[in-house]
Amino acid sequence: MASVPFQSLKQFQINPKSCSFSPAMAFCIPSMKTSFGPSKSAFLQHGFSLQLPNFPGFLSKTHSFAVYARAATEKTIHDYTVKDIDGNGVPLSKFKGKVLLIVNVASKCGLTASNYTELSHIYEKYKTQGFEILAFPCNQFGGQEPGSNPEIKQFACTRYKAEFPIFDKVDVNGPNTAPVYQFLKSSAGGFLGDLIKWNFEKFLVDKNGKVVERYPPTTSPFQIEKDIQKLLAA
């Protein structure tokens, strides 16, 4: 492909309709990727980085376009402390070196029975291999987690024999979003932005505390098993 004068960059505009917007970030990320070659960087406004060519005035290798956004923080899940279902503070650094599946749970959802059953099965299968499930009750979706913490604990542990850690009821969206969920959502934005869509949305976190995948509520725990196995083996 013929090279193009660098001045043509002035004509480059980002179509807002082709961007996926994250409320946690002050910029759009275009759905199309391009790259201007491996040389000096020019940092533009709003966190975009463009690769400039070695030859002044010309672009090279227009086959991939390096416009990207970098998260403003290098934090990991291990930097947060949360309360468990009994009100005790739990530093998530205690899970360093473990693969985590983090789930917002509810007791009265149509997804409750299948998710709790499969979560318990997965946990029993991999808990001795360095795997943990962290469950965060949330009442923001159809009011389907209305009970007190003791009621939630009894429901999960008695009806579904849940042995994985269950934490204090939290908000996962809105102005009172728990800090740990602010981190999760900023690390892995979803369709329509960062909002958690419903009960039983899932985040898979590696041994270093970094989010590696996000799954919609309709993804069953059994469908995530192969991803869990890969991280455990890493």
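A quick note: this is a predicted structure, and the numbers were derived from the prediction, not measured.
Residues that satisfy the ring-ring contact (aromatic ring centres under 6.0 Å, His included) test with Tyr123, not counting sequence neighbours, are Phe164. Here Phe95 pairs with nothing under the ring-ring contact (aromatic ring centres under 6.0 Å, His included) rule; sequence neighbours left out. Checked against side-chain contact (heavy atoms from CB on, under 4.5 Å), Asp84 has the following partners two or more places apart in sequence or in another chain: Asp86, Asn88, Val90, Phe167. Qualifying side chain to side chain donor-acceptor pair (under 3.5 Å) partners for Asp168, counting only residues two or more places apart in sequence or in other chains: Asn149. Under the side chain to side chain donor-acceptor pair (under 3.5 Å) criterion, Asn115 pairs with Lys202, sequence neighbours left out. Under the side chain to side chain donor-acceptor pair (under 3.5 Å) criterion, Gln229 pairs with Tyr126, not counting sequence neighbours. Checked against side chain to side chain donor-acceptor pair (under 3.5 Å), Glu163 has the following partners two or more places apart in sequence or in another chain: Lys127. In this view, Ser148 and Pro150, Glu151 satisfy the side-chain contact (heavy atoms from CB on, under 4.5 Å) rule, not counting sequence neighbours. Scanning for side-chain contact (heavy atoms from CB on, under 4.5 Å) contacts around Lys161 gives an empty result, with sequence neighbours left out.
Applying the ring pair (Phe, Tyr, Trp, His ring centres under 6.0 Å) rule to pairs touching residues 209-234 yields His121-Phe222, sequence neighbours excluded. Legend: salt bridge (charged side-chain N to carboxylate O under 4.0 Å, His left out) pairs involving residues 130-149, not counting sequence neighbours, sorted by first then second residue: Lys98-Glu132. Within the structure, the salt bridge (charged side-chain N to carboxylate O under 4.0 Å, His left out) test picks out the following pairs touching residues 218-234 (sequence neighbours left out): Lys125-Glu225.
With hydrogens and angles disregarded, a donor-acceptor distance shorter than 3.5 Å links the side chain of Lys207 to the backbone of Leu232.
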